[in-house]
Chemist: 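Supplied in structure tokens, the structure appears directly below.
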Amino acid sequence: MGRDREMAALRGALARPPAIVLVEGEAGIGKSRLLREWLAAPDQRTALVSVCPPLRESLTLGPIVDAFRGIDHPVSGLRLTELAGALRPLFPEWSADLPPAPQPLDDAKAARHRLFRALDELLRALRVDVLVLEDAHWADEVTLEFLLFVTSRQQAHGPSLVISYRPEEVDDGSLLLRLTSRLPAGVTQLRIALAPMRPDDTAALVSSMLDGNPISHEFTTFMHERTGGVPLALEESVRLMCDRADLVFRDGQWVRLKLRELQVPPTVRDSTRERVGRLSPTAQQVLRAAATLAQRSSVATIAMTAGLSPAACRGAVAEAAAAGVLDGDDRGWRFRHVLAATAVYEAIPLTDRRHVHLQAGRALEHIQPPPVARLAHHFREAGDTRSWARYAEQSAELAMASGDHTRAVDLLVDLLTWAVLAPVDRARVARIAGVAALGRREAVDEVYHRVIRTLRSVLETPGLSARQQAEIRNPLGRLLITGGEAQAALSELEQAVANLDHDPVEAARAMTYLGWAYAGPWPASTHRRWLDRAAELTAGFDSPAERLNLAGNRAAALLMLGEEEAWDVVADLPVDGATPAERLDVARIHANVGTGALIWGRYADAEEHLAVAMRLADAEQASRLHHNVELEQANLAWLTGRWEDLAQRSAALADADRDRPAHYLGSIRLAARLAAAAGRRRAAEEQFRLVLEESARLGAADDTMEAAAALARLWLTDGNSGRALQITNEPMETVRRKGIWVWATDLVPARVEAHLAAGDLVAATRLGDQFARGLRGRTAPAPRAALTVCRALLLAAAGDHARAASAFDRAARAWSALPRPYDAMLARERQAEALIAQGQIERGRELLAAQYEQLFRLGARGDADRVAQRLREHGAEVPRLWRGGRRGYGDQLSPRELDVVQLVVAGKTNREISRILAKSPATVDQQLRAAMRKLKVSSRTALAVKAVEAGVFAEEDSLDDAS
């Protein structure tokens, strides 16, 4: 009733295959009824129908398997390829008719893809026209992935899909949202959103249940208001009223007696319970069993669950079906509505539920293959810990094999949290849970935090052997790295590695992570010894994948240590993998190398490695790794002067993975940099303080350097050298203790300046010498540019302003070559001050004015204001700059054209200019042609000559002469 328009749309869409039809609506709104009415039409088509049960742990591919088990076509007559052998585990009853099982694959995702292809082949071999999946909001993730797989192949004459679901019960992270929001092009698409019935449709529905006779207006209004127009509630309420003789036919229409005294049930639960109560005790017993099973089940299974003989059960099932409570087909029996099943289940006394679940579990153990997820659920509810543990582990293994690591973690953590297990079992389950958690690709979330808490709790279990503890601490340490708890991670891994002799691969992996210098008091030599021990073990491994993983991680660790040899390994890294697991591994390695390249100041290398990592992370849908790479790409944009949208990017990054401290603090650090450059002193100070304090608390020693240096620079502008020295004390001691001077690019110049401001030239000189020794033999452009700044600061403090100006000029050129324009501008500012101090006032003022304009255009308005103040103090006018809106430049070069011409003069190619300025080659070419036209030249060489002759870069030429 009231669904004619929706039915016509459904038929029309499915008449134009392939089609995707989405039927959405709340519980009881009529989704299943609409589909049953369509299926009952005499159209010539082959349809497979399945319903997802509301289990606590959804069955992996269970709905799809159930749909195929309902076919009556003999499999032996189908023309199937060898690929169909992958279906044997799902359909053991067809083993005689299926090809031999293919060789197992090591990679779970590849195995799942092969299984999907085999299922798709079976669909096509059966000439299935329509695949119907009801209640998809309860579907497991693998079933939803299979539907996505089918939709991606629909243009190749695949079956149509009809999917019903409740939008309000779809989790934010569910793949169902991707299925419903990204419908493929080229197929017929229809979304049917079923709404509650209108009052006139309500009257028609109720009337249809009462011999077609009309109902009173008062009764119609009452029913519509009390049920909200939900068809299921209407049907159940009318049945209840008929059963109780609460309706009477009067004056040609149906009216309800005792309108005020007898309350119409406001929910289906109440009406269902009362209707069930009118059935025989045996039928009620069957319904309690069916409600507990929560899925279509055979009479034999229901009988065993209810504790009845098959004959008695059949009679009771027939009674319940006649009452309209149960619905059956060749596959078994279930409640007509899930809400009705829930109402019956919740009415079972708590003291009886355990027994019914125990009976259900014992009944399901007779099914082959055993439905392990359902068995785990029932034995859990029954309190049978041993059986629950056995089936939960089996279910977790199946989930991991299909790539659903989150489901596996949920199953095992629940087991560890609520079951009382023997220490040996508790240790084994915890180890598997840790390994499963490492396989997750999602961002840090509540599942991550829960497994961390659980593994730590298991380690407190009395009676665990050293080996058992090591097998738990190993994945726990690696999970803590992901969460940014660096010091804690190092502690767990150090304890684990001493007792992993029985597993050399995991021992080598733990040693490699101990080789990372992100935390702890160890000097670089200690980290290096761990890396060398891992390399000795790796040499004996046969697996190329394991060797790649360990070699790649070793290279990234060596970069963090400032070891030059790392680049030789990096040069040989692959940029892709043969399997999804390898691709993910390669992506992680390139992401880590990109981070190391940023520390060294090799920004072109960083950009290349991060691009590889992002491509592979996106291809493998690894959201956590995607966020990592996105943050490092934003850091690269900051360093190379591409600031246009960095404020928005930093805010988005903070929201993207807020539960992961390291990522969140990285995004806050980026926001703090921008705030400091823009002159928002208070915000910058608060944010840098947060980064410093939290990084220190987490033990992430490398992340304290920049924040401490930034705070020191802020306080030096106030003349507070003591505070600047104090904030840099601990990070400086970390650098000295570890001996990793490539970390000190920001820290040492700030510390040297603080010493000089305090009048301690000896300490400043000593620190500069230590920095130089620490960088000896390392081609690390950023730290070396910082070293040049330190030397210039010392020369200026000694009063040798001529040599200081030359040194600042060299520093600016070093920064520009990276490119790192912001630091280059700051070095030019200091060069200008040195020129003025030695008496070259006009040259110094010109250079200051140039830096004011460049800082202003970059977005460093705070620095620009400082330079403007210095210009005024030196008696110069501050250039009037455009502060908003569009402007024309006539025959003058625009700022963007000046940028391009400057790099042409420097001898850069268009491709190099494109990379440095983060512009497309087409844009560079367009701006280059515009500059040629304005300067009336026809070649790049003539442009460079004309630009120099015209004095476009006069201040740069004069500085070159001075040096």
Side-chain angles (χ1 to χ4, degrees), residues 562 599-601 639 673 676 688 692 701-702 704-776 778 780-815 818 820 822-835 837 863 866:
I599 294 171
W600 283 59
L639 292 167
R673 293 167 177 163
F688 277 127
L692 180 61
D702 54 325
T704 64
M705 306 293 163
E706 182 190 351
L711 287 169
R713 286 193 297 269
L714 290 174
W715 293 332
L716 283 170
T717 61
D718 301 335
N720 196 334
S721 59
R723 200 176 182 191
L725 286 169
Q726 183 180 14
I727 199 69
T728 55
N729 273 338
E730 188 170 342
M732 197 68 251
E733 281 307 306
T734 298
V735 170
R736 288 194 177 104
R737 187 170 58 247
K738 283 187 169 294
I740 308 174
W741 289 89
V742 293
W743 290 4
T745 297
D746 297 293
L747 184 65
V748 170
R751 178 85 172 176
V752 165
E753 190 173 0
H755 278 309
L756 294 175
D760 194 342
L761 180 61
V762 173
T765 303
R766 186 185 307 117
L767 178 56
D769 291 342
Q770 288 176 329
F771 195 21
R773 288 194 298 273
L775 296 178
R776 192 170 296 158
R778 290 168 175 81
R784 289 200 166 277
L787 176 61
T788 306
V789 171
C790 294
R791 288 168 172 162
L793 288 169
L794 290 167
L795 287 169
D800 193 345
H801 299 298
R803 291 179 64 196
S806 296
F808 281 123
D809 173 61
R810 288 193 297 274
R813 292 178 183 278
W815 289 126
L818 295 181
R820 192 158 159 172
Y822 179 50
D823 291 276
M825 294 171 198
L826 297 181
R828 290 292 184 200
E829 177 192 351
R830 291 181 181 275
Q831 179 187 1
E833 295 287 358
L835 289 171
D863 295 286
R866 181 189 64 250

Chemist: Can you tell me how far CZ of Arg830 sits from CG of Asp809, rounded to the nearest 0.5 angstrom?
Modeler: 15.0 Å
Chemist: For the CG atom of Leu747 and the CH2 atom of Trp741, what is their distance to the nearest 0.5 Å?
Modeler: 8.5 Å
Chemist: Looking only at heavy atoms, which two atoms of Pro731 and Met705 are closest? And how far apart?
Modeler: O-CE, 3.6 Å
Chemist: Closest approach of Ala754 and Ala724, non-hydrogen atoms and distance?
Modeler: CB-CB, 3.9 Å
Chemist: If you compare all heavy atoms of Ala796 against all heavy atoms of His801, which two are closest, and at what distance to 0.1 Å?
Modeler: O-CE1, 3.8 Å
Chemist: Kindly write out the residues that satisfy salt bridge (Lys or Arg N to Asp or Glu O under 4.0 Å) with Glu706, not counting sequence neighbours, or none if the list is empty.
Modeler: Arg669, Arg673
Chemist: Under 3.5 Å, side chain of Arg791 to main-chain N/O of Ala807, donor-acceptor pair present?
Modeler: no
Chemist: Would you find more than 12 non-hydrogen atoms of other residues, nucleotides or ligands less than 6.0 Å from Gln770 atom CD?
Modeler: yes
Chemist: Looking at Val742 and Gly562, what are the two nearest heavy atoms and their distance?
Modeler: CG2-CA, 3.9 Å
Chemist: Taking Phe808's backbone N and O only, do any of them form a donor-acceptor pair with Arg810's side chain (distance below 3.5 Å, no angle check)?
Modeler: no
Chemist: Between Thr728 and Arg751, do the side chains contain a donor N or O and an acceptor N or O under 3.5 Å apart?
Modeler: yes
Chemist: If you compare all heavy atoms of Ala782 against all heavy atoms of Arg820, which two are closest, and at what distance to 0.1 Å?
Modeler: CB-NH1, 3.9 Å
Chemist: Tell me, please, which residues at least two apart from Ala786 pass side chain to side chain contact (heavy atoms under 4.5 Å, CB included).
Modeler: Thr745, Pro749, Phe771, Trp815
Chemist: What I want to check is whether the side chains of Arg828 and Gln831 have a donor and an acceptor closer together than 3.5 Å.
Modeler: yes
Chemist: Can you list everything that forms a side chain to side chain contact (heavy atoms under 4.5 Å, CB included) with Asp863? Sequence neighbours excluded, please.
Modeler: Ala677, Tyr822, Leu826, Leu855, Ala860, Arg866
Chemist: Residues in salt bridge (Lys or Arg N to Asp or Glu O under 4.0 Å) with Asp702, at least two apart?
Modeler: none
Chemist: Among residues at least two apart in sequence or on other chains, which ones pass ring-ring contact (aromatic ring centres under 6.0 Å, His included) with Trp743?
Modeler: none
Chemist: Mind checking whether Asp823 and Leu818 have side chains closer than 4.5 Å, heavy atoms only?
Modeler: no
Chemist: Which pairs count as salt bridge (charged side-chain N to carboxylate O under 4.0 Å, His left out) when at least one residue sits in residues 727-739, sequence neighbours excluded?
Modeler: Glu733-Arg736
Chemist: Check whether any side-chain heavy atom of Leu756 sits under 4.5 Å from a side-chain heavy atom of Leu793, and report yes or no.
Modeler: yes
Chemist: Is it the case that atom CZ in Arg803 sees more than 12 heavy atoms from other parts of the structure closer than 6.0 Å?
Modeler: no
Chemist: How far apart are the closest heavy atoms of Ala797 and Leu761, and which atoms are they?
Modeler: CB-CD1, 4.4 Å
Chemist: Is a side-chain N or O of Arg723 found less than 3.5 angstrom from the main chain of Leu711, in a donor-acceptor match?
Modeler: no
Chemist: From Ser806 OG over to Leu795 CG, what is the distance, rounded to the nearest 0.5 angstrom?
Modeler: 9.0 Å
